[in-house]
Amino acid sequence: MRVPFVDMGRLHAATREEMLAAFARVLDSGTFVQGPETEAFEREFAAACGVRHAIAVSNGTAALHLALVAAGIGAGDEVITVANTFIATAEAISMAGATPVFADIDYATMLMDPADVERKVTARTRAILPVHLYGRVCDMEALGHIARRYRLRLIEDACQAHGALDFGRRAGTFGDAGCFSFYPTKNLGTVGEGGMLVTDDDEIAARAASLRNHGQAERHVHTTPGFNYRMPELQAAALRVMLPHLAEWNERRIAVAAEYGPALRGLPLRLPDPGPRGSHVYHLYVVRTRERDALRRQLAEAGIGVAVHYPTPIHLQPAYAHLGYRKGSLPVTEHVAAEILSLPMHPFLTPAEVRAVAAAVERAVPPRGWALAAAGGV
Ligand SMILES: Cc1ncc(COP(=O)(O)O)c(C=O)c1O
């Protein structure tokens, strides 16, 4: 059985008629950029997150850039983030004129290690930018303490964690601002590009709302040079169709992860750490083995869709060579990058498909077996 990594067809079959009606509504309205659909989606998304303000933008990278600029981060500032993330996280810091400083990650969760964050704080540090990677919320209690102790801004990259809930709060609502991507494959995705900044801070909200639309305070009055980060109405209308399904789709992802557990147990893989219930919404289901490359090749040959998120940590990317990090600078991040493999994961994955993935993994393991991914560290 072939098992695709994601299946957009099955996702959109569930909402197709509603989606076409929403597109017709936009077409008939004659308003195509940042209009009533965008405003309605902002209200609905803010309510779903439990925050005062949601500012819709053109993509997740724009949301991160806007959040940093609106929070006052700029040239000469350092922002502590992680290297085990999509490059957009670091790019947003660079776009703001600041310097990314990479903290290592925790081996069990593969997320920002608060102890290393504290070691990386300098006189120039102005913000911490944790990433709720793979759909799992970071240790926001510890990171919140550090942010308060050193008076740092806390801006969350929640681009992979729509709806994840920890400490009774939604991902994206712990700090000064939270940023989301609506890239089509995300837990909440659109049929193009989109993003959102959420905040309870009135000043950040006002600045971000103006900056995303060329720094306009009112029509034809530009108080600061800004950007064109507006959301198209078709995207907002599509997202309004999708948003009411998010909770159910996240539950299905959690259920798929719960099926993977017993199906893969006994095989020489390290499975994702689920955390408290609801704190991991499985944007990606990432297993680990030292034999990652062999497993990846064999699963691909067996028709199982697999991927690596991400094979080269950002501190070792050519784009950031000027920062001077070397191999070995972030030992846990680098160790993890060599082990991770993302298995098929989406809300419509069936139990039969999960069993087919597990059977393909079992066939890929040589008779002598592999060493388990180093338990507990590097
Ligand atoms: C962790 C993370 N940060 C930032 C982004 C950037 O979002 P976008 O592609 O919408 O610009 C993404 C998504 O691609 C992401 O996964």
Side-chain angles (χ1 to χ4, degrees), residues 5-6 8 38 41 45 54-69 79-96 100 102-103 105 109-112 127-138 140 143 154-164 171-172 174-175 177-198 208 212 227-232 234-236 238-239 242 253 280-286 307-315 317 319-320 333 336-337 340 342 345-346:
F5 186 65
V6 289
M8 301 310 287
T38 303
F41 178 54
F45 195 79
I55 290 98
V57 292
S58 44
N59 57 66
T61 313
L64 286 163
H65 178 212
L66 208 53
L68 289 162
V69 175
V79 177
I80 302 177
T81 189
V82 287
N84 179 36
T85 177
F86 184 53
I87 193 151
T89 314
E91 283 175 325
I93 297 168
S94 304
M95 286 158 74
F102 299 108
I105 55 174
T109 62
M110 300 187 274
L111 303 175
M112 181 176 256
I128 308 174
L129 206 175
V131 182
H132 305 309
L133 200 71
Y134 309 143
R136 165 93 194 257
V137 180
C138 297
M140 294 312 293
L143 293 172
L154 186 55
I155 293 168
E156 299 164 65
D157 183 337
C159 287
Q160 299 192 0
H162 317 69
F174 291 89
C179 304
F180 294 87
S181 163
F182 303 123
Y183 188 77
T185 53
K186 297 291 196 254
N187 289 36
L188 180 64
T190 186
V191 289
E193 306 242 19
M196 188 73 87
L197 183 166
V198 298
R212 79 167 152 185
F227 319 101
N228 175 358
Y229 281 169
R230 296 174 305 226
M231 177 176 275
L234 279 170
Q235 303 307 332
L239 284 158
M242 305 297 240
R253 286 175 183 270
H280 200 326
V281 291
Y282 297 98
H283 172 57
L284 295 167
Y285 189 84
V286 179
V308 176
H309 300 92
Y310 297 86
T312 305
I314 299 177
H315 70 293
Q317 289 284 356
Y320 284 101
T333 299
V336 161
I340 45 179
S342 307
M345 170 54 83
H346 59 84

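What's counted below: heavy atoms across the whole structure, side chains too, no hydrogens, waters or symmetry copies. Ligands are counted one by one from 1 in listed order, and the atoms in each one are counted from 1 as well.
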* Using a strict 4.0 Å cut-off to heavy atoms of G60, name the atoms of ligand 1 that fall inside it. => 7 (O), 8 (P), 10 (O), 11 (O)
* To do: Do me a favour and list the nearest non-hydrogen protein atom to atom 9 (O) of ligand 1 with residue, atom name and distance?
  => S181 OG, 4.0 Å
* To do: Mind checking whether D157 contacts ligand 1 via backbone (N, CA, C, O), side chain (CB onward), both or neither, at a 4.0 Å heavy-atom cut-off?
  => side chain
* **Proximal atoms of ligand 1 relative to T85 (non-hydrogen, under 4.0 Å)** => 1 (C)
* T89 heavy atoms, cut-off 4.0 Å: which ligand 1 atoms fall inside? -> 3 (N)
* Asked: So which heavy atom on M110 is nearest to which on V286, and how close?
  -> CE-CG1, 4.0 Å
* Asked: Hey, does Y183 come in under 3.5 Å of ligand 1, counting only N/O atoms on both sides?
  -> no
* **Atom of A54, atom of V198 and distance for their closest heavy-atom approach** => CB-CG1, 4.1 Å
* To do: Would you mind running through ligand 1 and noting each atom that sits below 4.0 Å from a heavy atom of T61?
  => 6 (C), 7 (O), 8 (P), 11 (O)
* Structure fact -> Nearest heavy-atom contact between K186 and Q160 is CE-CG, 4.4 Å
* **Proximal ligand 1 atoms for N59, defined as those under 4.0 Å from one of its heavy atoms** => 10 (O), 11 (O)
* Structure fact -> of all protein heavy atoms, closest to atom 16 (O) of ligand 1 is Q160 NE2, 2.9 Å
* What are the two closest heavy atoms between R212 and L66, and how far apart are they? -> CB-CD2, 3.7 Å
* Atoms in ligand 1 flagged as close to C159, the criterion being non-hydrogen separation under 4.0 Å -> 2 (C), 3 (N), 4 (C), 5 (C), 12 (C), 15 (C)
* Can you find a side-chain donor-acceptor pair between S342 and Y134 that sits under 3.5 Å? -> no
* Asked: Which ligand 1 atoms are under 4.0 Å away from a heavy-atom of A88?
  -> 4 (C), 5 (C), 6 (C)
* Asked: So among V137, I80, L154, which one has a side-chain contact (heavy atoms from CB on, under 4.5 Å) with P130?
  -> L154
* To do: Among V82, L111, I105, find the residue that satisfies the side-chain contact (heavy atoms from CB on, under 4.5 Å) test when tested with L133.
  => L111
* Looking at the rings of F182 and F45, which for Trp means the six-membered one, are their centres under 6.0 Å apart? -> yes
* Does K186 come within less than 4.0 Å of ligand 1, judged by its heavy atoms? -> yes
* Determine, stepwise, if the pair I155 / L68 fulfils side-chain contact (heavy atoms from CB on, under 4.5 Å). => CA-CA 7 Å; I155 293 168; L68 289 162; 3.8 Å; yes
* In ligand 1, which numbered atoms sit nearer than 4.0 Å to a non-hydrogen atom of V131? -> 1 (C)
